[in-house]
Amino acid sequence: MAGKYDDLARAILENVGGRDNVSSVAHCITRVRFKLKDEDRADTEAIEALEGVIKVMRANGQYQVVVGNKVEDVYDAVVAIGGLASTGETDVADTAPKGIAAKAIDLISGIFAPMLGTFAAAGIMKGILAAITQFWPAFANDGAYTVLYTVADGMFYFLPVVLAYTASKKFKMNEFTGMAIGLALVYPTMVALTGGEVVGSVDLGFAGTFSWYATFLGIPIIMPVSGYTSSVIPVVLMVWFGSMVEHWCKKWMPASVKMFFTPLVVMVVSITLGYLVIGPIATMFTNLLTLAFSALFGLPVIGSVLGCTIVAAFWMCLVIFGFHWSLMPIALMNLATLGHDYILGSMIAHSFSLGAVLFAMYLKNKDENFRGICLPAIISSFFFGVTEPAIYGVALPDKKAFVNACIGSAVGGLIIGLTGAVVYMSGGLGVFNWLSFLPIDATSTVGVMHMVWAIVASLAGALVGFALEYATYKPAAK
């Protein structure tokens, strides 16, 4: 039986130059992302004219077809009709993106995008539990809380394992060998090591103080105080190093022993050097990166306000080119090391401002075709925080609408900066993101105030965006 999106998938494949022009295909929240051998063979105008396609973007070495919330169904149809691998990758060599920035964004998005939906779901559950315990503290002692908290926190605690899997796929390494590296980082014995007696320590100034709790043949095993659970950069670097070792082993290892000796060598070398060298270097880099952002947000009087306003004002600009992925590792590091994050907190109003801008356009524009595109984008922005349909389908083509949405977002960021509200988890988007502002610890003196300010910032951004757009928007005459 033909699928609902088979015709659309077939037309997309035909107009990107055919199956033979596709090096690989993947998807994120709203875009089917192609890597094409020759982008000049793609008929962008024809693809954008297809019903169900919102926009075509060329960024980070990818040919991105924006289709909105139905992206998974369209992607599955593209894979099936094109005879592509179900993982979204073909056996044809990928075309590497050009430029250092494009490669970096392609790398980050390739590692983080596949886990985003599940990661957001875990964050939503964590926010729901935080909300319940704020008003019913005794629930934290119930077995139901314990069970549900495994749903909420398991993904975060074992994040290195998840990242090891996605990074292995990105670095073209055996996924199970990569996961073994991630599992070694969260192995209970090693996690418990930091709870013991400090054997020695060294102060590296701006990079922080590093302590070790055991030695490896006399070499200090330096680890963060919290271990590597919930960490981001260490496991990515270890898997990258492991992929280099694996590729090297495969060049000379005899076929008769390659199956088990290759992963043995990779795991021993990568995990050992990971704990002794790569992990400490990654921790040092993490500390310096956190210090840089802390310096911006910690400037006397204006730091928090300036940082939050800038991030909020330009967040949608970053989304257009996929550059917002570059801030995700920093946000996750903040959550792991500080217990809270200001980057994800500052952009809370962007989807509300954008949705309000589109709502103003919807009220003044009576064209049914326009309204048919606008209404789903409004719902997506407000309730789910998925903004690509609104950005590419409506706001960006209008230009002024996009600017008004950015101004509204900046106002929301300003309020977050003035109040000092932060997120305590990486949760859902849209209205579900409000729960991220609730402290996980029910005894926190902050209570619900950070969530209250997040709601105020969201509504303020929406009001500003709506007012600006309603006052200036003039629908094109038929």
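Under a 3.5 Å cut-off, the side chain of Thr419 and the backbone N or O of Ile416 do form a donor-acceptor pair. Between the side chain of Ser353 and the backbone N or O of Ala349 there is no donor-acceptor pair closer than 3.5 Å. Judged by distance alone, with hydrogens and angles left aside, the side-chain atoms of Tyr275 form a donor-acceptor pair with the main-chain N or O of Ala184 at under 3.5 Å. Of the possible polar contacts, one joining the His247 side chain to the Lys172 backbone as a donor-acceptor pair under 3.5 Å is found. A side-chain donor-acceptor contact under 3.5 Å links Ser409 to the backbone of Ala312.
In plain terms, the two heavy atoms of Ser270 and Ile181 that are nearest each other are CB-CD1, 3.8 Å. Contact detail for Val186 and Pro160: the closest heavy-atom pair is CG1-CG, 4.0 Å. When all heavy atoms of Cys249 and Thr262 are compared, the pair lying nearest together is CB-CG2, 4.0 Å. Nearest approach of Ala462 to Ala356, heavy atoms of both residues: O-CB, 3.1 Å. The two residues Val198 and Ser211 come nearest to each other via the heavy atoms CG1-CB, 4.0 Å. The shortest non-hydrogen separation linking Ile54 to Val67 is CD1-C, 3.9 Å.
Between Leu193 and Thr189, the closest side-chain pair of non-hydrogen atoms is not below 4.5 Å. At least one side-chain heavy atom of Cys317 sits under 4.5 Å from a side-chain heavy atom of Phe402. Proximity of Phe241 to Val269: side-chain heavy atoms (C-beta onward) are separated by under 4.5 Å at one or more points. The shortest side-chain heavy-atom distance between Met244 and Trp248 does not fall under the 4.5 Å cut-off. Using a 4.5 Å cut-off on side-chain heavy atoms (C-beta onward), Phe437 and Val452 make no contact. With a 4.5 Å cut-off on side-chain heavy atoms, Phe352 and Val431 count as touching. Using a 4.5 Å heavy-atom threshold, the side chains of Val266 and Met173 count as touching. Side-chain contact check for Thr177 versus Met267: some heavy-atom pair is nearer than 4.5 Å.
The one candidate from Leu335, Ile348, Asp341, Val423 that meets the side-chain contact (heavy atoms from CB on, under 4.5 Å) condition with Ser436 is Val423. Just one of Arg33, Arg31, Lys35 meets the side-chain hydrogen bond (donor to acceptor under 3.5 Å, both in side chains) condition when paired with Gln62; it is Arg33.
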Would Tyr228 and Thr283 satisfy side chain to side chain contact (heavy atoms under 4.5 Å, CB included), going step by step from the backbone distance to the final call? CA-CA 9 Å; Tyr228 288 111; Thr283 302; 4.0 Å; yes

| said: For Ile271 and Met238: C-alpha separation, side-chain torsions, deciding distance, then whether side chain to side chain contact (heavy atoms under 4.5 Å, CB included) applies. | reply: CA-CA 7 Å; Ile271 293 171; Met238 290 180 197; over 6 Å; no

| request: List the steps, then state whether side chain to side chain contact (heavy atoms under 4.5 Å, CB included) holds for Phe285 with Leu237. | output: CA-CA 11 Å; Phe285 175 76; Leu237 290 179; over 6 Å; no

query = Can Thr146 and Tyr149 be said to form a side chain to side chain contact (heavy atoms under 4.5 Å, CB included), step by step?
reply = CA-CA 5 Å; Thr146 303; Tyr149 197 76; 5.8 Å; no

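Rounding to the nearest 0.5 angstrom, the gap separating the CG atom in Leu129 from the CG atom in Asp153 is 10.0 Å. With rounding to the nearest 0.5 Å, the separation of CG in Asn433 from CG in Leu344 is 7.5 Å. Between the CH2 atom of Trp212 and the OG atom of Ser201 there is a distance of 6.5 Å, given to the nearest 0.5 Å. Rounding to the nearest 0.5 Å places OH of Tyr213 at 10.5 Å from CD1 of Ile222. With rounding to the nearest 0.5 angstrom, the OG1 atom of Thr194 is 5.5 Å from the CE atom of Met223. Here the CE atom belonging to Met259 is positioned 11.0 Å from the CG atom belonging to Asn174, to the nearest 0.5 angstrom.
Screening residues 450-462 for side chain to side chain donor-acceptor pair (under 3.5 Å) gives Tyr424-His450, Trp434-Ser458 as the qualifying pairs, with residues at least two apart or on separate chains.
Shown here is Phe383, whose CZ atom has no more than 12 heavy atoms of other residues, nucleotides or ligands within 6.0 Å.
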